[in-house]
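So the structure is just underneath, and the comments pick up after that.
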Amino acid sequence: VGRRPRRDRPVPRLEIGQDHVNESKIGFHVSAWGSEHLLAALSNEKTAEEADQFLTALARAMDESSEFRSLMFAPAFPRVARTEVLVALAKQHAMPEYVVNFLRTVVDHNRTAAIESTPELFREEREAAAGIVPAEITTASPLPDDLFQRARTALERATGKRVRLT
């Protein structure tokens, strides 16, 4: 928390004469950029955890509620009104001004869809700042707890870092 954003993520480029823009790529870029800067701006781990929970709940609402999703994407619903809804939700949950400004920026730049991928990227940034690396094990059947822990321990020894194993 409070660290400088990384600059190693590729920025999507548009080619001259390109007929369409890959929205998911741009959405990823907005989310990645916003997640890095949001984490850098938050003052402590508790605030970052609260922001993470809020962003996760917001993304879940967009995924699970067809009414909320249509409200956020309906062309008839003005951008200003979308911003007001998101700002009101953020303030209702006592989110810091940095989170409010992030949501304003996303809507102002017509990247509301980026909100859905933001929690995962924000969590990855938080874990990277804490020295935690993600790892995934794919098996034909679920691993017993003792094997799962042994795999995590072996990965932690091999990497020299804490591992979030899924």
Side-chain angles (χ1 to χ4, degrees), residues 1-130 132-136 138 142 164-166:
V1 180
R3 65 180 186 77
R4 295 183 57 99
R6 293 189 333 223
R7 301 277 184 223
D8 60 349
R9 288 218 168 89
V11 176
R13 304 271 184 229
L14 300 179
E15 300 294 324
I16 295 176
Q18 186 175 0
D19 292 345
H20 67 283
V21 175
N22 184 338
E23 285 294 325
S24 63
K25 247 184 159 176
I26 290 179
F28 173 80
H29 174 66
V30 169
S31 295
W33 176 86
S35 297
E36 292 174 26
H37 289 277
L38 185 57
L39 182 61
L42 294 174
S43 59
N44 60 50
E45 184 59 33
K46 182 179 185 291
T47 306
E49 175 64 30
E50 290 169 353
D52 189 357
Q53 290 173 359
F54 174 74
L55 292 169
T56 299
L58 192 59
R60 188 177 310 118
M62 287 185 79
D63 185 48
E64 295 174 359
S65 170
S66 59
E67 294 87 14
F68 185 63
R69 187 172 184 76
S70 64
L71 179 97
M72 289 291 108
F73 293 109
F77 199 65
R79 193 177 292 172
V80 173
R82 279 182 246 161
T83 302
E84 288 174 1
V85 167
L86 291 173
V87 167
L89 285 170
K91 290 188 176 192
Q92 179 182 358
H93 293 284
M95 286 295 105
E97 197 61 29
Y98 294 113
V99 175
V100 174
N101 289 337
F102 169 74
L103 294 172
R104 280 189 184 116
T105 301
V106 168
V107 174
D108 287 347
H109 289 92
N110 203 25
R111 300 293 180 242
T112 309
I115 292 171
E116 291 178 290
S117 60
T118 299
E120 182 179 343
L121 295 168
F122 185 72
R123 194 168 306 109
E124 288 174 6
E125 289 295 326
R126 284 183 57 222
E127 288 177 350
I132 300 170
V133 294
E136 184 175 322
T138 305
R164 178 183 48 85
L165 189 59
T166 56

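Predicted model, so just to flag it, every value in this text is computed and none were measured.
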Using a 4.5 Å cut-off on heavy atoms from C-beta on, say whether the side chain of [Y] contacts that of [X].
X: Ile115; Y: Thr112; result: yes
X: Leu58; Y: Leu103; result: yes
X: Val100; Y: Glu97; result: yes
X: Leu71; Y: Phe68; result: yes

### Message
Assess the residue pair Thr47 and Tyr98 against the criterion (side-chain contact (heavy atoms from CB on, under 4.5 Å)); give the C-alpha distance rounded to whole Å, side-chain angles, the decisive distance to 0.1 Å, and a yes or no.
### Response
CA-CA 11 Å; Thr47 306; Tyr98 294 113; over 6 Å; no
### Query
Between atom CD of Glu45 and atom CD of Glu50, what is the distance when rounded to the nearest 0.5 Å?
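Nearest 0.5 Å value for the CD-CD distance: 10.5 Å.
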### Message
Working to the nearest 0.5 angstrom, can you tell me the gap between Arg104 CZ and Leu86 CG?
### Response
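If I round to the nearest 0.5 Å, the distance is 10.5 Å.
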### Query
Would a distance-only check, ignoring hydrogens and angles, find a side-chain to backbone donor-acceptor pair under 3.5 Å from Ser65 to Met62?
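Checked: no pair found.
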### For the student: nearest non-hydrogen atoms of Glu136 and Thr138, plus distance
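Scanning both residues, the minimum pair turns out to be OE2-OG1, 3.9 Å.
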### Query
Looking at Leu89 and Phe54, what are the two nearest heavy atoms and their distance?
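Scanning both residues, the minimum pair turns out to be O-CE1, 3.7 Å.
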### Query
Which pairs pass side chain to side chain donor-acceptor pair (under 3.5 Å) with one or both residues in residues 74-83, sequence neighbours excluded?
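Listed by first then second residue: nothing to list.
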### Task
With sequence neighbours excluded, give me every side chain to side chain donor-acceptor pair (under 3.5 Å) pair touching residues 52-62.
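Found Glu49-Gln53, Asp52-Thr56, Asp52-Arg123, Asp52-Arg126, Thr56-Arg123.
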### Query
Partners of Ala59 by side-chain contact (heavy atoms from CB on, under 4.5 Å), sequence neighbours excluded?
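By the side-chain contact (heavy atoms from CB on, under 4.5 Å) rule, Ala59 matches Pro119.
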